Protein chains: 2
Amino acid sequence: MGRVTLKSVAEAAGVSVSTVSNAYNRPGQLSAEVRQRVLETARSLGYAGPDPAARSLRSQRAGAIGLLFTERLSYAFSDPYSVGMLAGLSEVAEAHRTGLLLIPLASPDSSTPQDVELDADTMRQAVVDGVVAYCVDADHPARQVALDRGLPMASTIELDDDRQRYVLIDEDGAAKALGRHLRELGHRNVGVVVNSREPAGAATLLSADDEEDLYYDSRLRLRGLRQALGPQAQVTAVSAGHNSQEAGRTAARFLLDRPDRPTAIACTSDVLALGVLDAVKARGLAPGRDVSVSGFDDIPAARAADLTSVRQPIAEKGRLLGRMLLDPQFTQRKVVLDTELVVRSSTGPAPH
Amino acid sequence: MGRVTLKSVAEAAGVSVSTVSNAYNRPGQLSAEVRQRVLETARSLGYAGPDPAARSLRSQRAGAIGLLFTERLSYAFSDPYSVGMLAGLSEVAEAHRTGLLLIPLASPDSSTPQDVELDADTMRQAVVDGVVAYCVDADHPARQVALDRGLPMASTIELDDDRQRYVLIDEDGAAKALGRHLRELGHRNVGVVVNSREPAGAATLLSADDEEDLYYDSRLRLRGLRQALGPQAQVTAVSAGHNSQEAGRTAARFLLDRPDRPTAIACTSDVLALGVLDAVKARGLAPGRDVSVSGFDDIPAARAADLTSVRQPIAEKGRLLGRMLLDPQFTQRKVVLDTELVVRSSTGPAPH
DNA sequence: GAGAGGTTCTGTATCGTTCTACTAGAACGT
DNA sequence: ACGTTCTAGTAGAACGATACAGAACCTCTC
């Protein structure tokens with residue numbers, strides 16, 4: 001004897017399969033007493049309700065949306081910024097009674113072809129009605145698979161493709177506001193610490209090629225900063241790998257050791273900036289006086305550390321991504337969110 | 001014309017459906033050249049690979065495990081403790097190339113019957129091979145549904161049910177170690193701040209009944225503390241709602257205003273303790289000298305705040321939960337993890 | 001009392017796979 | 001030449017539900 005199915009319940013209750021199905025899905029279509037009897041026999045047989053896989057197949061709905069991350073999944077939970085987005089997204093999913101399927105990608109990016117093929121496979125496996133691609137490159141194979149499957153997609157990068165919708169932060173405006181702030185404070189020699197795709201390691205100066213290969217947002221932020229600081233400013237871009245405090249510390253030490261020490265260090269994320277603050281203090285320098293330090297994202301820890309940063313409506317970003325997939329009323333293809341420069345004591349006038 | 005399926009690819013390539021299926025799933029079963037041709041026609045037709053819903057139905061595997069949270073899903077991302085568990089769990093899921101489906105529960109606990117029914121429904125919907133029930137009460141309806149569906153389950157609470165496996169932290173031992181620490185420091189009047197199921201609000205003294213109704217871990221921690229502090233100590237248990245800094249602040253103000261102010265305030269979580277620290281400092285009192293404060297969990301922020309806490313191998317907890325569902329080699333039904341008391345400057349000798 | 005309209009319930013095709021059993025033919029050993 | 005084994009591929013029955021069309025029956029209406 002196999003497991004309990006609609007059919008066995010129908011037989012036991014003396015009704016047709018359709019009726020049992022309706023008892024679960026369309027209570028209005030049958031009399032209260034029959035429904036009652038059906039549900040009772042179901043319970044007595046230990047039937048746990050219609051099998052979701054079968055239902056998915058037949059009704060062509062999955063009842064879940066997928067979340068695609070470029071970074072390893074575990075990273076998603078350790079970065080406060082992603083966590084904020086997840087909170088917003090899950091809020092919407094919750095409201096629509098829709099599951100959220102985290103789709104693990106093996107390959108960060110430039111991995112072996114096998115890894116890439118595995119990623120594509122993983123995306124093929126996912127039982128979802130739509131996909132949020134969070135910081136996933138435009139040409140990532142998993143993204144292509146999702147599109148081939150005809151899944152609606154909402155991303156965080158600008159794309160010239162009618163099938164894809166996206167939510168952006170005004171990275172450029174944010175970076176420029178921060179750049180202007182630093183310029184007005186008199187900083188003409190600015191170090192910029194970015195997070196790169198490399199795992200971790202020694203701090204390195206970024207070549208023009210390296211800059212091209214940065215993450216979408218890091219690239220925009222660096223560019224905006226450059227523009228706002230103006231051609232007469234000296235900008236030194238440095239990376240020490242992934243987004244982490246450790247990378248920030250390493251990069252900061254590198255910058256502080258240079259013969260012409262920058263008077264300000266701008267970071268493309270708060271996590272990096274917290275590391276920079278560490279290193280600055282370890283040298284006995286006062287942030288905001290001897291060296292100005294700024295971050296990006298305004299995560300909770302930034303406020304605690306009195307770090308100048310750029311606040312982004314990150315939870316709102318998650319909510320909008322969710323609505324793009326779940327709320328039929330919501331039809332905008334592109335949304336750009338405003339940011340706000342939050343000046344705290346970690347930035348101050350450039351010392352002479 | 002409908003969408004592209006195995007069948008249409010088979011027709012176009014002039015082979016049988018089984019062969020196309022094999023081309024994707026069992027490369028060894030057919031000649032390289034036929035496989036090549038099949039995959040090419042598939043690509044040219046825009047076929048994105050076997051439909052996962054159909055595959056799930058037929059093969060009775062979902063390729064994903066579910067995560068059941070009692071708290072609202074968005075809470076999961078704002079609590080550093082859950083985040084740590086998620087990181088561990090997702091690490092294992094990733095390694096097994098398995099998705100992680102977050103299952104949103106509408107009702108925290110004692111909600112309307114409709115809500116409860118909705119929760120059960122949500123659990124019925126989930127296409128998963130197993131379920132991690134994280135801090136979900138033993139009698140929660142969603143848990144029952146999962147069991148009825150015959151899904152393997154791994155929880156964080158002790159259960160007397162052969163079908164369920166669990167990972168525990170030695171809450172009792174941890175609480176006792178902390179209690180001993182406080183007693184040795186001379187504290188005889190201790191306030192305990194717990195997180196309750198109530199949303200938020202004013203601080204209230206806990207009745208014996210209230211204590212029974214606390215979350216599993218809060219209950220154990222409170223009990224262990226009481227035991228270790230001994231019968232001669234006065235223990236005042238207070239709650240101000242959910243696990244949040246705000247609740248900690250509220251509860252602390254309440255305790256500090258009492259005629260016989262406690263010399264130590266122990267909290268059942270670090271998040272609460274951070275709020276307590278805030279309130280203590282706001283009163284101009286020095287933590288560790290005027291009032292000792294301790295937390296639980298040892299989240300990263302606890303170290304930064306120099307808070308005495310109990311370290312729990314939280315990521316390991318997540319990993320074990322994952323392995324219980326995914327790793328066939330792993331057969332233990334019950335695992336109890338050790339903890340470590342981390343003494344920092346927020347606790348000190350009781351003032352006379 | 002015939003037709004219209006509304007409930008309530010039924011029968012069956014269908015969703016897109018994978019699985020099991022089978023076959024035709026090649027290869028092999030004796 | 002004969003039986004056996006192996007390879008590459010096929011046919012058709014599941015998997016467990018939902019959608020859709022229609023049947024049976026009851027209630028009005030004129």
Side-chain angles (χ1 to χ4, degrees), chain A residues 1-39 41-42 45-63 121 124-127 129 148-151, chain B residues 1-39 42 45-63 121 124-129 148-151:
Chain A
M1 54 134 269
R3 37 194 283 223
V4 192
T5 69
L6 268 194
K7 197 166 156 201
S8 41
V9 174
E11 274 161 15
V15 293
S16 76
V17 259
S18 316
T19 302
V20 182
S21 175
N22 284 333
Y24 280 96
N25 305 312
R26 243 161 309 194
Q29 296 290 323
L30 60 154
S31 67
E33 63 195 317
V34 170
R35 179 171 135 95
Q36 191 60 25
R37 198 184 48 191
V38 167
L39 293 184
T41 30
L45 291 177
Y47 181 65
D51 181 280
R55 179 204 292 255
S56 267
L57 171 59
R58 180 65 245 231
S59 63
Q60 307 284 36
R61 278 179 287 100
D121 270 352
R124 275 188 263 268
Q125 293 266 14
V127 186
D129 295 319
D148 284 350
R149 282 184 53 188
L151 294 171
Chain B
M1 55 138 273
R3 37 193 282 222
V4 192
T5 70
L6 270 193
K7 197 168 156 200
S8 39
V9 173
E11 275 161 15
V15 293
S16 76
V17 213
S18 320
T19 302
V20 182
S21 174
N22 285 334
Y24 281 96
N25 304 312
R26 242 162 311 196
Q29 296 290 329
L30 34 73
S31 67
E33 64 196 314
V34 170
R35 180 171 135 95
Q36 191 60 26
R37 196 184 46 182
V38 167
L39 294 183
L45 291 177
Y47 181 66
D51 180 281
R55 177 202 294 252
S56 267
L57 172 59
R58 178 64 244 227
S59 62
Q60 305 285 45
R61 278 180 287 100
D121 270 353
R124 274 189 263 270
Q125 293 265 13
V127 187
V128 291
D129 295 320
D148 285 350
R149 282 183 54 187
L151 295 171

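As a basis for the values below, the full set of heavy atoms in this structure was taken, side chains included, without hydrogen atoms, waters or symmetry mates. Given the structure is predicted, the values throughout are model-derived calculations rather than measurements.
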Any A:Gln60 side-chain N or O less than 4.0 Å from OP1/OP2 of C:dT14:
no
Heavy-atom closest contact (B:Leu45 atom, B:Val9 atom, distance)
CD1-CA, 3.9 Å
Remember a base hit wins even if backbone is also touched, and classify A:Leu57 as base, sugar-phosphate or nothing at under 4.0 Å, heavy atoms.
base
B:Thr5 has its side chain closest, among D:dA19, C:dC9, C:dT17, to C:dT17
Within less than 4.0 Å of OP1 or OP2 of C:dC9, is there a side-chain N or O belonging to A:Ser16?
no
Report the nucleotide, chosen from D:dT18, D:dG9, C:dC19, that has the shortest atom-to-atom distance to any side-chain atom of B:Arg61.
C:dC19
Quick one: are A:Tyr47 and A:Thr41 in side-chain contact, heavy atoms under 4.5 Å?
no
Considering only C:dT18, C:dG16, C:dC9, which nucleotide approaches the side chain of B:Ala54 most closely?
C:dG16
Pair of N/O donor and acceptor under 3.5 Å linking C:dT18 base with B:Arg58 side chain:
yes
So A:Arg55 and B:Arg124, do their side chains get closer than 4.5 Å, heavy atoms only?
no
Within this structure, what is the CG-to-P distance between A:Asn25 and D:dG16, rounded to whole angstrom?
17 Å
With respect to the phosphate group of C:dC9, does any side-chain polar atom (N or O) of A:Ser31 fall under 4.0 Å of OP1 or OP2?
yes
Would you mind reading off the distance between A:Lys7 atom NZ and D:dA17 atom P, rounded to a whole angstrom?
11 Å
Which part of the nucleic acid, if any, lies within reach of B:Arg35 when heavy atoms closer than 4.0 Å are counted: base, sugar-phosphate only, or nothing?
nothing
Find out whether A:Val15 and A:Val20 are in side-chain contact, i.e. whether some heavy atom of one side chain is under 4.5 Å from a heavy atom of the other.
yes
Just N and O in the side chain of B:Arg55: are any of them under 4.0 Å from OP1 or OP2 of D:dC15?
no
Rounded to the nearest angstrom, tell me the gap between atom CZ in B:Arg26 and atom P in D:dG9.
14 Å
Nearest-Å distance, CZ (B:Arg37) to P (D:dA8)?
14 Å
With DNA chain D as reference, determine whether B:Val15 or A:Ala53 sits nearer its 5' end, using the nearest nucleotide of each.
B:Val15
For A:Leu6, which contact category applies under a 4.0 Å heavy-atom criterion: base, sugar-phosphate, or nothing?
base
Do B:Thr19 side-chain and D:dA8 base share a donor-acceptor contact under 3.5 Å?
no
N or O in side chain of B:Asn22 less than 4.0 angstrom from D:dA8 OP1/OP2
no
OP1 or OP2 of D:dG16 under 4.0 Å from side-chain N/O of A:Tyr47
no
Just by modelled atom types, is the A:Arg61 backbone N or O under 3.5 Å from a matching donor or acceptor in the A:Asp129 side chain?
no
Non-hydrogen side-chain atoms of A:Tyr24 and A:Leu39 separated by less than 4.5 Å:
yes
Report the distance from atom CZ of B:Arg3 to atom C1' of C:dC15, rounded to the nearest whole Å.
9 Å
Atom CG of B:Leu30 and atom P of D:dT10: how far apart are they, to the nearest Å?
9 Å
Base, sugar-phosphate alone, or nothing: which one does A:Ser18 contact when heavy atoms must sit under 4.0 Å apart?
base
Rounded to whole Å, how long is the line connecting atom CZ of B:Arg149 with atom P of D:dG16?
13 Å
What integer distance in Å separates A:Gln29:CD from D:dA19:C1'?
12 Å
